[in-house]
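First up is the structure itself, then whatever we jot down about it.
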Amino acid sequence: MEYLVFRLYGPMASWGQAAVGGDRPTAMAPGRAAIIGLLGAALGVKRDDEAGQQRLFDTIVVAVKQLGAGTLLRDYHTVQAPSTDKKFTHYSRKSELAGPKEKLNTVLSSRHYRLDGVWVVAISLSQHSAELTLEYLQAKLQRPVFPLYLGRKSCPLALPLTPMLVSTDQLKHALDTEFPAIVGRDGVGSDVHTSVATDRYWLGMGKQATYYWQGELVDLDGERHDDTLTYHPWDNPISRSRWQFGQRRQHQLTLMEDR
């Protein structure tokens, strides 16, 4: 099986969940919608391109390994926004604030972020496509059309994604792909690819890793683990223009790292 594997790291990330009122919570790991959005930005697919979005929805299979969820940050916002006017569309923040002061309202919101989280993503294709290949996605992640960010535009990447093609018979092997150390070396003579202890220390990561994948229970490593949690998050993109999402089945398993 062929996989495209890359790593996500940044000082801040926000993986959106179902939002009620002014609260904007974040998941602990990126969901399918977040990864497809990242790939869409790299490819140059715009949000109003329904055909381009649908092609990604139908083709991309996403799995994630969480090395560290980071710490949670709650950011309290007060924002001025004009009342809704169906006859007029604002195209800039300056336009929103230029109207009569009596039409401005104060919106209160609470936005949550993950600080110093680290995730490894493995992408595979559910169907053959002459246009969309893993090699093409790899090239676009190295030279994206639009800027890439971790859920929100205020959360840029802190490191290159380092996308690489991996051929293996197990999804877990692909997710266990090693990447260069984020912080630095363990000591003199150590290999930059195996400097895991330093990253764990400085980024507050434990020796546990959590795997998220779609499909069957045995798709991770060929085994059926009793500790696997199966649930149905609302992060399966249906329409970006209408901002609609559906449920999907996802499996989650936490294991101790061997290294």
Side-chain angles (χ1 to χ4, degrees), residues 8-57 62 64 69-119 121 140-141 144-159 161 232-248:
L8 302 177
Y9 169 71
M12 296 175 64
S14 186
W15 311 118
Q17 291 182 310
V20 179
D23 289 334
R24 298 293 184 267
T26 175
M28 296 187 70
R32 186 167 186 260
I35 300 302
I36 288 179
L38 185 88
L39 295 173
L43 293 170
V45 179
K46 296 183 178 180
R47 287 184 176 178
D48 58 359
D49 182 359
E50 292 282 353
Q53 294 282 351
Q54 192 63 49
R55 182 180 61 169
L56 294 177
F57 302 162
V62 177
V64 176
T71 55
L72 182 65
L73 170 70
R74 178 178 177 269
D75 190 13
Y76 179 71
H77 282 252
T78 60
V79 182
Q80 281 190 310
S83 301
T84 302
D85 186 350
K86 295 183 179 179
K87 298 181 180 180
F88 185 80
T89 302
H90 296 280
Y91 293 99
S92 67
R93 182 64 177 155
K94 181 179 179 181
S95 173
E96 288 183 338
L97 299 178
K101 298 298 183 183
E102 60 271 15
K103 290 189 176 182
L104 289 178
N105 306 303
T106 300
V107 179
L108 306 180
S109 70
S110 176
R111 303 183 184 186
H112 296 184
Y113 300 87
R114 308 300 312 187
L115 307 183
D116 281 327
V118 185
W119 302 270
V121 180
K140 285 299 183 180
L141 287 177
V145 176
F146 298 135
L148 306 181
Y149 46 88
L150 304 176
R152 292 186 181 275
K153 292 181 180 179
S154 59
C155 304
L157 293 163
L159 290 174
L161 295 174
H232 299 80
W234 288 86
D235 69 344
N236 199 37
I238 296 177
S239 173
R240 286 286 186 179
S241 61
R242 297 190 299 272
W243 210 248
Q244 291 180 332
F245 299 86
Q247 281 186 298
R248 66 180 178 89

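Just so it is clear, the values below take in all heavy atoms, side chains as well, and ignore hydrogens, waters and symmetry mates.
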So CG of Leu73 and NE2 of His112: to nearest 0.5 Å the spacing works out to 8.5 Å
Please walk me through it: do Asn105 and Gln80 pass side-chain contact (heavy atoms from CB on, under 4.5 Å)?
-> CA-CA 5 Å; Asn105 306 303; Gln80 281 190 310; over 6 Å; no
Just wondering, do Leu104 and Leu97 contact through their side chains at under 4.5 Å, heavy atoms?
-> yes
So ring-ring contact (aromatic ring centres under 6.0 Å, His included) across residues 8-56, not counting sequence neighbours, yields Trp15-Trp119
Is there side-chain contact between Leu43 and Val145, with heavy atoms separated by less than 4.5 Å?
-> no
Heavy atoms of Ser14 and Cys155 approach each other most closely as N-SG, 4.2 Å
Please answer whether the main-chain N or O of Phe57 pairs with a side-chain N or O of Arg32 as donor and acceptor at a distance below 3.5 Å.
-> yes
Within the distance-only criterion (no hydrogens, no angle test), does the side chain of Gln17 pair as donor or acceptor with the backbone N or O of Pro25 below 3.5 angstrom?
-> no
Closest approach of Ile35 to Pro30 (non-hydrogen atoms, all atoms of both residues) | CD1-CB, 3.8 Å
Arg248: partners by salt bridge (Lys or Arg N to Asp or Glu O under 4.0 Å), with sequence neighbours left out | Asp235
Check Met12 against Leu150 and note the closest heavy-atom contact, atom names and distance.
-> O-CD1, 3.7 Å
Sequence neighbours left out, what passes ring-ring contact (aromatic ring centres under 6.0 Å, His included) with Phe88? Give chain and number order.
-> His90
Would Leu38 and Val121 satisfy side-chain contact (heavy atoms from CB on, under 4.5 Å), going step by step from the backbone distance to the final call?
-> CA-CA 11 Å; Leu38 185 88; Val121 180; over 6 Å; no
Partners meeting side-chain contact (heavy atoms from CB on, under 4.5 Å) with Pro156 (sequence neighbours left out) | none
Answer with yes or no whether the side chains of Thr26 and Arg114 bring together a donor and an acceptor at under 3.5 Å.
-> no
With sequence neighbours excluded, tell me which residues meet side-chain hydrogen bond (donor to acceptor under 3.5 Å, both in side chains) with Asp75.
-> His77
Check whether any side-chain heavy atom of Leu8 sits under 4.5 Å from a side-chain heavy atom of Val64, and report yes or no.
-> no
Tell me, please, which residues at least two apart from Arg111 pass salt bridge (Lys or Arg N to Asp or Glu O under 4.0 Å).
-> none
Minimum-distance pair of heavy atoms, taken over all atoms of Gly52 and Asp49 | N-OD1, 2.9 Å
